Amino acid sequence: MIRDARVLRAGFVPREVEHRDAEVNHLSSVLEPITNGEPADTAIVTGPSGTGKTCISQFVTERLREEVLDVETTYVNCWRNYTRFRTLYQILDDIGATIDIHRQSTPHDELVDRLQQHDGLRTVVILDEVDQLEDPSLIYDLHSLPQFAIICIANKEEDLFGRVDDRLVSRLRSSEHVRMDKYRDKQIYDILSARSKWGLDENVITDDQLYQIADAAAGDARLAIGILRTAASTADRENHDRITDEILRDAAEDARAQIRQKSLDSLTPHQRAVYDIVRDHGPVGPSEIHDRYLEKVDDPRTKRTVRTYLSKMTQYNLVKSEGTSRDRQYALLTGTTQSPAK
DNA sequence: AGTCCACAGGAACTCAGGGTAG
DNA sequence: CTACCCTGAGTTCCTGTGGACT
């Protein structure tokens, strides 16, 4: 059934990227100066989730590493490392400059200094989900250092520009910008087809089923591959020699549920309590949420903190908010594409 | 039109936890 | 061991917005 599980995993970077030639070439050309030992411009990659932003960024930097000897690359997911400290630490860790840095008692500035003094190899830093960064000034820190080339990945351009200050906006506006659109069903089909050829035995899944997945994923390649993976592993576990339509139907549900569960697991008990209220009573306004929350937990947090929770969960696509001011309502976000980032 | 109220989210602050230097 | 430092979560305070009510 499953020949090579790696190609079905979420972070897998394929040897060839389907349907993204223009974007790959564009991004490569931005990093081009590095092949001559010169500093490269900052690149911004935007597009909805599952359009291959992370994939092409890693693909292009991998290829750069094959071409050029003295270049390092590092990948930071800013959603998981959302504070300035953690992001900086992660970068330093990757370039091997954290030996004597201790987690709690080192000031931010010390980390920036450390980066400044880093005169080793030129380094391409991929900042994924950069719009999740709580303090975007980090981009500025890196931007001013010539030995680092930055690839900023964000879902929406506005989310990125809306939160940084003016001087950085003007600099970023002049950066090279790679925009990615949602895949069409045919393109998703091609991606799935390539993956199943490498990852699965022959005749495990039909073309028609691949199109069903493409349809269910609505342009989101990550979700599509997730559905394929889930379906394949279910079929494998249950000793089928091919993927049935029933398995496929369930897999589409499961794949979405898994993505949601991942976000859910990152919530604190208090945040979870707020989420449960929205789930059980939504759509619901902020005051009712807080009233119910007060009933429900010991040692409740303040309204302001609950608002922070709600906005965080909105970012994670766990809940959605509708309306402004008085008629603001929160409800669970279900159905369409779920992803950790907005 | 003016007032009121609920709400969003920024800024500054406090506090606890984990760490260091001496 | 003690005095001190840093971070990060949460709180307090505050400003801006927009609908509802008079």
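All values derive from a computational prediction rather than experimental measurement. Below, chains carry the letters A, B, ... as their sequence lines are ordered, and counting in each starts from 1.
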Undergrad: Quick one: closest heavy-atom pair of A/Met313 and A/Val274, and the distance?
TA: CE-CG1, 3.7 Å
Undergrad: Tell me: OH of A/Tyr309 to C1' of C/dG10, nearest whole Å?
TA: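 Whole-Å distance recorded here is 7 Å.
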Undergrad: For a quick check of understanding: with a heavy-atom distance under 4.0 Å over all strands, which category does A/Ser311 fall into, base, sugar-phosphate or nothing?
TA: sugar-phosphate
Undergrad: List every contact pair, protein side and nucleotides 13-15 of chain B side both N or O, where the distance is under 3.5 Å.
TA:
none

Undergrad: Are A/Asp190 and A/Lys186 within salt-bridge range, i.e. N to O under 4.0 Å?
TA: yes
Undergrad: Between the protein and nucleotides 3-7 of chain B, which nitrogen or oxygen pairs come in under 3.5 angstrom?
TA:
unit_1	atom_1	unit_2	atom_2	d
B/dC5	O4'	A/Arg326	NH2	3.1
B/dC5	O2	A/Arg326	NH2	3.2
B/dA6	O4'	A/Arg326	NE	2.8
B/dC7	OP1	A/Ser287	N	3.2
B/dC7	OP1	A/Ser287	OG	2.7
B/dC7	OP2	A/Ser287	OG	2.9

Undergrad: Just how far, in rounded Å, is P of C/dG8 from NZ of A/Lys312?
TA: 12 Å
Undergrad: Does a salt bridge link A/Arg292 with A/Glu288, judged by any charged N lying under 4.0 Å from a carboxylate O?
TA: yes
Undergrad: Between the side chains of A/Gln261 and A/Asp265, is a donor N or O closer than 3.5 angstrom to an acceptor N or O?
TA: yes
Undergrad: Rounded to whole Å, how long is the line connecting atom CG of A/Leu310 with atom P of B/dG9?
TA: 10 Å
Undergrad: Tell me: CG of A/Asp299 to P of C/dT11, nearest whole Å?
TA: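 My rounded result for the distance is 8 Å.
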Undergrad: So does A/Arg304 reach the base of C/dG10 with its side chain, donor to acceptor, closer than 3.5 Å?
TA: no
Undergrad: Any pair with a residue in residues 303-313 of chain A that passes salt bridge (Lys or Arg N to Asp or Glu O under 4.0 Å), sequence neighbours left out, goes on the list, sorted by first then second residue, please.
TA: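 Qualifying pairs: none.
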Undergrad: If you compare all heavy atoms of A/Ser263 against all heavy atoms of A/Tyr316, which two are closest, and at what distance to 0.1 Å?
TA: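 Minimum heavy-atom contact is OG-O, 4.1 Å.
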Undergrad: Determine, for A/Lys197 against A/Glu202, whether the closest basic-nitrogen to carboxylate-oxygen distance falls under 4.0 angstrom.
TA: no
Undergrad: Let me know the distance between CG of A/Leu267 and P of C/dA9, rounded to the nearest Å.
TA: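 Distance, rounded to whole Å: 13 Å.
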Undergrad: Just verifying a value: how many Å separate A/Gln212 CD and A/Leu248 CG, rounded to the nearest 0.5 Å?
TA: 5.5 Å
